[in-house]
Amino acid sequence: MTEDVTAAMLVDIRKAAKDCSERGLIVASKWATDMLLSVSANKKRTLHLSIEASSASLFSTSTPAKSTRSPPSGPSFTDASPVPTQPITQPTPGQPAPSAFAQLVDLSSLTLTSEEQRFENERTQAEQDLFVGAKACFDAREFHRAMYMLQGCQSSKAIFLSCYSFFLSTERQALSDWHKLDGNRNQPDKPINTSLSALLEKIKDTKDPWLLFLKGLFLLRLSRREEAIEACLQSIAKYPWNWSIWLLLGNCVNDAEQLSSLMVLMPISQSHPIVQMFLVKTLKNELAICDRLLSEEYFPHSMWVMSMRASVLYNMHEYEQAELQFETILRIDPYRMDDIDIYSNILYVQDDKLKLSRLAHKFLAITRDRPEVCLLVGNHYSLRQEHEKAVKYFRRAIELDRTYLTAWTLMGHEYVEMKNSHAAIEAYRRAVDINRKDYRAWYGLGQAYELLSMHNYALYYYQHATALKSYDVRLWQAQGSCYEELGRPREAIECYKRALISSELHETMLCLKLARLHSMLEEKAEAVAYHKRVVEFCQEKNRPIQEFAKSSVEVAEYNMNLQHGDLLLAKDLLEPVVTGNSEEVTKATELMKVLNAKLREKGLI
């Protein structure tokens with residue numbers, strides 16, 4: 001279950017939208033704004049009434065009853081709040097997650113003393129004008145100027161903006177230096193920011209949740225994963241509605257097992273809405289959570305949750321439903337570009353050239369500087385078999401965002417189509433370097449090496465991909481194909497059997513492959529069993545006889561040669577083949593003559 005959205009949550013989300021915007025965390029600010037606007041009007045009305053009731057209760061409590069002997073003392077609002085004063089991050093008694101976090105981290109060490117809080121408030125107030133000026137420079141991407149203006153500032157807010165500006169400027173410089181080595185064999189796999197350790201040193205002892213976010217970011221970039229997770233959890237404990245910290249925490253998780261271990265340490269309840277959203281974003285397969293979050297009691301108008309739902313459906317290969325969800329999103333918000341690349345992938349898989357073309361022209365007219373739009377246009381050209389143009393736009397997407405995993409992967413696919421295996425391998429390797437959890441890049445590497453007839457290498461990469469997405473039929477098929485090429489039919493059979501478990505779409509093809517392999521191993525009964533399965537499947541789906549004529553002949557011939565075979569079944573299978581126009585007509589006709597003779601001997605005709 002998911003906790004209800006409370007009045008305190010609504011106030012916190014509104015505050016988060018403002019706080020994230022002030023600190024230049026645009027993605028988190030947009031996300032918080034989406035959540036705020038997505039709460040239904042009825043729900044907001046109810047929550048506002050509860051806020052007013054809470055305020056009235058606090059007022060009556062802080063005002064003593066009138067006395068006839070002395071005038072009433074005026075009410076004090078020094079510590080009063082119009083919302084419940086209990087923070088939503090407080091652990092509920094008996095919950096294992098908060099207690100586990102408390103064992104990991106001394107909660108009192110994260111709390112400011114009254115003197116520290118007073119100093120923080122004074123410095124924030126005194127530095128407000130400087131901060132506004134520096135933020136204007138930050139928004140203009142004048143990072144060095146922002147840092148210069150904030151020299152000597154001591155408030156956590158100013159230190160955050162200064163450190164974040166320094167980080168972004170050094171990232172930009174590192175990227176520039178890296179590109180200078182393009183085409184050079186000494187170019188490292190990715191840009192190297194040499195300033196991360198110095199930045200970490202500045203904020204290593206911080207208690208501020210926003211600086212803890214930066215600490216986690218720097219630690220992860222320095223490959224200190226466990227320390228990064230600890231910093232993330234500390235930040236969440238103090239300020240859970242910063243979506244950037246959840247995205248960072250997701251980047252620390254490599255697989256479902258690590259996620260399970262992490263959930264035990266959560267400083268807030270696992271049923272909290274933002275924890276549920278984190279699970280959706282990280283696992284990408286939680287359709288039930290998406291549906292629950294879109295119910296009237298939570299965030300029914302959230303474009304973000306709708307988009308996550310569409311992504312989950314896409315990952316489940318429910319392409320038609322995913323397409324309908326994206327159409328709903330664009331009907332409500334026609335200029336929303338977030339996740340438009342996923343929509344383009346869906347249209348590509350659906351082979352919908354017209355819709356993809358319209359979408360590409362619409363968003364290309366709006367901007368050419370969003371990586372998602374460039375990828376959309378690349379998909380448009382790829383579907384039209386214009387691979388050079390597709391590569392051009394995928395490369396443009398990568399120039400705009402070097403960490404854009406999907407663009408690297410799709411560019412690899414285009415190079416495979418162009419038979420340029422070495423360029424494909426390079427693109428896929430870049431994708432793997434960005435995210436080793438993405439099965440598509442591993443699968444692409446397998447395809448590229450298979451194109452080079454290096455089947456042992458291809459098998460290695462296919463196995464990596466299968467470990468990440470064990471229910472994907474294509475991956476098991478690819479492994480089976482490699483085992484066949486390597487002359488290992490037993491292993492190929494096991495792979496095709498595994499693929500058959502979750503594939504109705506490819507059932508006929510897989511059964512024919514299994515039948516062929518068993519025949520090669522002289523296991524006639526097993527081969528015929530798969531041929532019979534093909535016949536039953538095709539008859540049930542009313543497929544034309546040409547699709548299962550070979551299997552019909554194989555099953556019929558097996559029954560004719562068997563000592564107690566079912567001759568009437570053989571007759572029923574051969575008759576449609578004889579009267580049809582498949583390649584098996586000649587063989588079926590010869591068998592039919594032999595079968596009729598046998599049936600006459602037994603007096604069955």
Side-chain angles (χ1 to χ4, degrees), residues 2 5 13 17 26-41 43-44 243 246-247 250 273-274 276-367 369-380 383 397 401 404-407 410:
T2 307
V5 176
I13 295 170
I26 305 303
V27 172
S29 179
K30 281 174 63 179
W31 178 88
T33 303
D34 177 82
M35 292 301 125
L36 185 64
L37 296 174
S38 67
V39 178
S40 69
K43 181 75 175 178
K44 280 184 177 178
W243 184 241
W246 293 98
L247 294 176
I274 200 166
Q276 300 286 291
M277 292 177 197
F278 168 69
L279 288 173
V280 170
K281 179 69 176 174
T282 307
L283 294 174
K284 296 182 172 65
N285 61 1
E286 295 291 341
L287 187 62
I289 295 178
C290 291
D291 290 336
R292 189 158 62 245
L293 289 169
L294 285 170
S295 65
E296 194 66 22
E297 287 301 306
Y298 298 100
F299 306 97
H301 308 300
S302 171
M303 298 294 103
W304 184 87
V305 179
M306 289 183 196
S307 184
M308 284 297 102
R309 185 176 186 275
S311 299
V312 170
L313 289 166
Y314 170 61
N315 289 327
M316 293 168 63
H317 297 173
E318 298 287 347
Y319 300 124
E320 290 182 5
Q321 289 187 53
E323 183 182 345
L324 288 173
Q325 183 67 78
F326 270 116
E327 286 176 356
T328 301
I329 292 168
L330 289 176
R331 192 164 52 249
I332 299 168
D333 190 351
Y335 298 103
R336 187 180 191 272
M337 295 184 194
D338 297 337
D339 301 316
I340 200 70
D341 49 347
I342 298 173
Y343 185 30
S344 75
N345 289 340
I346 293 165
L347 295 176
Y348 184 95
V349 173
Q350 297 275 74
D351 198 29
D352 196 331
K353 291 187 177 74
L354 183 60
K355 278 187 182 177
L356 191 54
S357 176
R358 285 175 179 168
L359 200 69
H361 283 90
K362 172 187 171 181
F363 282 101
L364 199 58
I366 297 169
T367 180
D369 294 328
R370 281 286 292 263
E372 300 96 323
V373 173
C374 292
L375 188 130
L376 159 62
V377 179
N379 271 337
H380 161 66
L383 195 57
D401 181 2
Y404 196 6
L405 172 70
T406 309
L410 292 182

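Contact of the L324 side chain with the E320 side chain is not registered, since no non-hydrogen atoms from C-beta on lie closer than 4.5 Å. In this structure, E327 and Y343 have side chains that are in contact, with non-hydrogen atoms separated by less than 4.5 Å. Between E372 and M337 there is no side-chain heavy-atom pair separated by less than 4.5 Å. Side-chain contact between E323 and L347 is present, with at least one heavy-atom pair separated by less than 4.5 Å. With contacts defined as side-chain heavy-atom distances shorter than 4.5 Å, the pair D351/K353 qualifies. The shortest side-chain heavy-atom distance between V312 and E318 does not fall under the 4.5 Å cut-off.
Electrostatic pairing of E296 and K43 does not count as a salt bridge here, judged by no charged N lying under 4.0 Å from a carboxylate O. With respect to the salt-bridge test (charged N to carboxylate O, under 4.0 angstrom), the residues E297 and R292 do not qualify.
Remark: H317 pairs with Y319 by the ring pair (Phe, Tyr, Trp, His ring centres under 6.0 Å) rule, at least two apart or across chains. In terms of the side-chain contact (heavy atoms from CB on, under 4.5 Å) criterion, residue partners of L247 (sequence neighbours excluded) are, by chain and number, V27, W243, K281. Taking E286 as the reference, V280, L283, I289 meet the side-chain contact (heavy atoms from CB on, under 4.5 Å) condition, with sequence neighbours excluded. Listed by chain and residue number, nothing satisfies the ring pair (Phe, Tyr, Trp, His ring centres under 6.0 Å) test with F299 (two or more places apart in sequence, or in another chain). Take K30 and apply the side-chain contact (heavy atoms from CB on, under 4.5 Å) test, not counting sequence neighbours, and it matches I26, D338.
Taking each heavy atom of L359 and L330 in turn, the nearest pair found is CD1-CD1, 4.0 Å. Closest non-hydrogen pair, H380 versus A360, comes out as CB-CB, 4.0 Å. Between L383 and Y348, the shortest heavy-atom distance links the atoms N-CE1, 3.5 Å. In terms of heavy-atom proximity, S344 sits nearest to L376 at CB-CD1, 3.4 Å. Scanning both residues, R336 and I340, for their nearest heavy atoms gives O-CD1, 4.3 Å. Of all the heavy atoms in P300 and S38, the pair that sits closest is CD-O, 3.2 Å.
The main-chain N or O of L36 is found under 3.5 Å from a side-chain atom of K44 such that the two form a donor-acceptor pair. Checking side-chain atoms of D341 against main-chain N and O of L375 turns up no donor-acceptor pair under 3.5 Å.
Atom OG of residue S357 and atom CG of residue D352 lie 10.0 Å apart, to the nearest 0.5 angstrom. To the nearest 0.5 Å, atoms CD1 (I346) and CZ (F326) are separated by 5.0 Å.
Ring pair F278/W246 is tilted by interplanar angle, where 30° to 60° counts as tilted.
Side chain to side chain, N345 and N379 meet the donor-acceptor criterion of an N or O pair below 3.5 Å.
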Can I get a per-line list of side-chain donor-acceptor pairs under 3.5 Å for residues 302-310, giving both atom names and the distance, sequence neighbours left out?
| from | atom 1 | to | atom 2 | distance (Å) |
| --- | --- | --- | --- | --- |
| S302 | OG | D34 | OD2 | 2.6 |
| S302 | OG | W304 | N | 3.3 |
| S302 | OG | V305 | N | 3.0 |
| S307 | OG | D339 | OD2 | 2.5 |
| R309 | NE | D291 | OD1 | 2.7 |
| R309 | NH1 | Q325 | OE1 | 2.8 |

Practice problem: Decide side-chain contact (heavy atoms from CB on, under 4.5 Å) for M277 and W31; before the verdict, give the C-alpha distance in whole Å, the side-chain angles of both, and the deciding distance to 0.1 Å. | Solution: CA-CA 11 Å; M277 292 177 197; W31 178 88; 3.3 Å; yes

